[in-house]
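Everything below concerns the one structure shown next.
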Amino acid sequence: MAQVTLRKLSKSYDQHVQAVRGIDLDIADEEFVVLVGPSGCGKTTTLRMIAGLEEITGGEIAIAGEVVNDIPPRDRDIAMVFQNYALYPHMSVFDNMAFGLKLRKFAKTEIKRRVDEAARILDIGELLARKPKALSGGQRQRVAMGRAIVRHPKVFLFDEPLSNLDAKLRVQMRTEIKKVHQTVRTTTVYVTHDQVEAMTLADRVVVMNQGAIEQVGPPQELYHNPITRFVAGFIGSPAMNFIPCRLLGSGNALALRLADNISLPVPPERAGRYATYKDREMLLGVRPEHLTELKDQAKPNVARLDSHLDVTEPMGMEILVHFRINGTAVCGRVDPSVKAVAGQTLPMSVDLNHMHLIDPGSSRVV
Amino acid sequence: MSGATLAAGHAPARRGRRPSLARERRWALWGSYIALVFFAIGFLIPPYFQLVTALKTSQEIGSGKDPWFTHHPYLGNFIGIIENPQFQTFFLNSAKITLFVVAVTIVISVLAAYALARMRFFGSQAFATGVFLTYLVPESLLFIPLFKVLSILHLINSVWALALIWPTLSVPFCTWIMIGYFSSIPKELDEAAMIDGASHLQMLWKIFIPVALPGIIAATIFAFTVCWGDFLYPLAFLFTSNQMVLTAGIVSTLIHGDVLDWGHIMAANVLASAPPIIIYAFLMDYYIAGLTAGATKG
């Protein structure tokens, strides 16, 4: 049983640079939480503070109910997997995995049992006698995970463990990590800058920006109901389109004026929520998959939008089309059967059931 | 089409000219070989002359004929010098104090380098620079104040004075080598060890020392060479032959006034230079790896 609790956790360097600005976070037992954000957002610093590798400037960290602010890393009962694996180069795979147990004076038979068990889970049984130099990137990553698993720690900490691998191996190891977490149910904090990794692995994703938490939630919730412009733009690939617009009309008949000749009706059920923003400059947020070719049977709240295509990118299962709305570059996804040619006009539709209205002043989603 | 024709037309012309890269490389190689041969000969002449002279009888040396060859190698000089009890004392003193100083140097410099490279504390950077600065003050300036210090400690004319003085030559440089080596070890390695439960001493013993072994061997060789070959300090601080070490001892006992017993002097020199040569021969690869590792990885 190991919850991790962060209370008003902050970190500053030289009193000027504030890396982490008083974050609060509760991580449940056995939960897989991913900290994600652009570089410099404070995610790695937060992880290193949980590990005890970085002193904290303010606030409190508790692991399994015990405040660990002043406890050295070795007594926090955590295990960490580093970006560059940090395997001991002079030790065999077995010794690398056994090192922590030997230091903790475990019996030889127990060490062997645990290493064998971890090797079986990670499928590295035949590598135990090798030195790290003789392993591939993926194998090294497995050994680094094995070193964490054998300890049976309260918390696993992962610091961008896949960013040194090539794209194909990264996808494979991602599945591997998920499988390991399903086998060895342990509270896990995982740091990455890759939102796809975050979405696929996490029970809950923590989106961080400029040292603060923007939003915490399950991947689907972040995707469908982002609460800030940053989260809306960060989660999802290709990223959400933000189109400047003006909210006009009255009562239930609100409309978004994108350009002189483009006006989109706001779904009536949203009108009440948006009413206070009437006659204001807003941002319309639409994901590329909701900006697609015009289909015959128009659904309610789907509006037509004619586009002059600048660039098309055939992806196989879809075509990404890039065009402009009143000068703003936007991206849509159309079916590969559609004849989308750059330089030509394509009738598109925008699904306003999934629209987001963002107040540019506060950068929050209305 | 025109592009293809053009390229095809140019290709033979390019082949006709010598590729400039290969030509430059050849010149560089020639230059290197000439310089290397020149220097190698320059540096090898003295030891060669020493060995040849050691294998000659006094008459042969005195005759001055054929200084670069000996047709009948004579081992009498070597036998004489090995059986000489004074030479044995010098050799023993040299070995005893050098080994002691090398051990002390390695312990001090590894601990100091670990602290300076890894344990961030106030002024560690200044200390690291300070360590190197001490190395820059030459022996010839230091031996006069050191004489005063040793006389206060009643260590003048004691071979153990060198055990105290030689580390001032060896520790700074060895610490510097080790700082470079330790700095090249990724920071995550100690963090991983820290999380695995290692204390600073365990980290040093189980991670840093094994990983930095080539650097430690390089430092060991350096310390050994500096101490074994030091001439000025023993000459300045030691007077009686029972306290002498090889370098100063050979000069002070085998030269009587203006009588130079060249055969014995050269044989003694050959025997005195044997240990460093043997050590280099065995550990050369480690030495080079150790000296360059910090530079390339750091």
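Bear in mind the structure is a predicted one, so any value in this text is a computation, not a measurement. Naming: A, B, ... by sequence-line order, numbering from 1 per chain. What you see below is based on every heavy atom in this structure, not just the backbone, and it leaves out hydrogens, waters and symmetry mates.
- By the 6.0 Å contact criterion, CD on A/E55 is open, its count of non-hydrogen atoms from other residues, nucleotides or ligands being 12 or less.
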Quiz item: Are A/Q83 and B/E188 close enough, and set up right, to give a side-chain contact (heavy atoms from CB on, under 4.5 Å), and what steps lead you there?
Solution: CA-CA 9 Å; A/Q83 180 175 355; B/E188 286 82 359; over 6 Å; no

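- Heavy-atom contacts from other residues, nucleotides or ligands closer than 6.0 Å to CD of B/Q125 number 12 or fewer.
- Contacts between A/A79 and chain B at a heavy-atom distance below 4.5 Å involve the backbone alone (N, CA, C, O).
- Atom CZ of A/R76 and atom CE of B/M194 lie 11.5 Å apart (nearest 0.5 Å).
- No more than 12 heavy atoms of other residues, nucleotides or ligands lie within 6.0 Å of NZ in A/K112, so this atom counts as exposed by the packing criterion.
- The residue among B/D190, B/I207, B/V211 with the most heavy atom pairs within less than 4.5 Å of chain A is B/I207.
- Within 6.0 Å of CH2 in B/W205 there are 12 or fewer heavy atoms belonging to other residues, nucleotides or ligands.
- Counting heavy-atom pairs closer than 4.5 Å to chain B, the top residue among A/F99, A/Y88, A/Y85 is A/Y88.
- To the nearest 0.5 Å, atoms CE (A/M97) and CG (B/D196) are separated by 11.5 Å.
- For B/Q202, the part sitting under 4.5 Å from any heavy atom of chain A is the side chain, from C-beta outward, and nothing else.
- Atom CZ of B/R25 sits in a sparse spot, with 12 or fewer heavy atoms from other residues, nucleotides or ligands closer than 6.0 Å.
- For the options A/R48, A/M80, A/M91, heavy-atom pairs under 4.5 Å to chain B are most numerous at A/R48.
- Crowding of B/F121 atom CZ: a count of heavy atoms from other residues, nucleotides or ligands under 6.0 Å exceeding 12.
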Self-check item: Verdict with reasoning, A/R74 to B/I195, per side-chain contact (heavy atoms from CB on, under 4.5 Å)
Solution: CA-CA 5 Å; A/R74 64 166 178 271; B/I195 289 174; over 6 Å; no

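- Atom CZ of B/F132 is surrounded by more than 12 heavy atoms from other residues, nucleotides or ligands within 6.0 Å.
- In this structure, B/L189 CG and A/L87 CG are separated by 8.5 Å, a value rounded to the nearest 0.5 Å.
- Under a 3.5 Å cut-off, the side chain of A/H90 and the backbone N or O of B/K206 do form a donor-acceptor pair.
- To the nearest 0.5 Å, the span separating CG on A/N84 from NZ on B/K187 amounts to 12.5 Å.
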